Each structure stands twice: as C-alpha cells, then as structure tokens.
Amino acid sequence: MTNTNEKTKLYHFLQIHFLEETSITFQDFPPLEELATWFSKSGKIWTCRNKNLTLEEFKKQFLEITHIDEDKVMITDGGIGRGIGGAISPLS
C-alpha cells in the first residue's frame with residue numbers, strides 16, 4: 001500500500017491577467033508549454049499549475065518567452081492546491 005503523502009503533491013496555481021487587449025495566442029509560443037501545466041490559455045486570464053519555479057522566476061521566463069511588456073500583464077499566485085492520484089483540488 002502506498003503512503004498518501006507519497007501520492008500527494010502541492011502545486012502553486014498561477015494566473016496571468018492581460019491588462020490590455022492583446023492578440024497573444026498560446027500556440028505562437030511553444031516554450032510556454034514546458035513552463036507549466038496549463039488549464040486555461042485563452043482570453044484575458046490564463047491559468048496554470050507550477051511546481052518547479054518561484055513566482056518571480058516564472059514571471060521572468062514568461063515575459064522572456066512572450067516579449068510582453070511587464071506593465072501589460074499581471075502574474076499572480078492563485079493559491080495552493082493538492083494533487084492526489086492525478087486529481088487537483090484546493091487545500092482546505
């Protein structure tokens with residue numbers, strides 16, 4: 001039997017808020033796929049799961065990949081969730 005702690009991983013959920021109208025398309029930036037696990041990648045708010053980078057490092061890499069001006073996007077830590085057996089749920 002596997003210990004529950006071995007199955008449970010903590011993830012940071014990040015949100016990318018585009019502050020102005022943007023024509024950015026996720027598919028135009030293939031390196032973004034490797035940056036995180038993406039849940040929403042269209043519209044004015046994108047959401048992803050990140051477990052390997054600090055928020056600051058994620059921001060830096062996102063801006064380098066997309067070439068978006070820092071003042072046109074707000075990247076926030078949307079909270080912490082728990083992954084158990086492939087399912088993601090917020091921490092209580």
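Note that the coordinates shown come from a computational prediction; the quantities given were computed from them, not determined experimentally.
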Rounded to the nearest 0.5 Å, how far does [atom2] of [Y] lie from [atom1] of [X]?
| X | Y | atom1 | atom2 | result |
| --- | --- | --- | --- | --- |
| Ile16 | Thr76 | CD1 | OG1 | 8.0 Å |
| His17 | Thr47 | NE2 | OG1 | 7.5 Å |
| Ile68 | Ile75 | CD1 | CD1 | 8.0 Å |
| Lys44 | Glu20 | NZ | CD | 8.0 Å |

Heavy atoms from other residues, nucleotides or ligands near NZ of Lys60 exceed 12 (cutoff 6.0 Å): no
Heavy atoms of other groups near Glu70 CD, more than 12 under 6.0 Å: no
For [X] and [Y], work out which heavy atoms get closest and say how close.
| X | Y | answer |
| --- | --- | --- |
| Ile45 | Ser40 | O-OG, 3.4 Å |
| Leu14 | Asp77 | CD2-CA, 3.8 Å |
| Leu32 | Trp46 | CD1-CZ3, 3.9 Å |

So if you build clusters from Ile, Leu, Val, Met, Phe, Trp, Tyr with side-chain heavy-atom gaps below 4.5 Å, do [X] and [Y] land together?
| X | Y | answer |
| --- | --- | --- |
| Phe18 | Ile65 | yes |
| Leu19 | Ile24 | no |
| Met74 | Phe13 | no |

Full working for side chain to side chain contact (heavy atoms under 4.5 Å, CB included) between Leu35 and Phe29: CA-CA 11 Å; Leu35 192 56; Phe29 302 96; over 6 Å; no
Phe58 and Trp38 aromatic ring geometry - parallel, tilted or perpendicular at 30°/60° bounds: tilted
Salt bridge (charged side-chain N to carboxylate O under 4.0 Å, His left out) contacts touching residues 27-38 (sequence neighbours left out): Glu33-Lys41
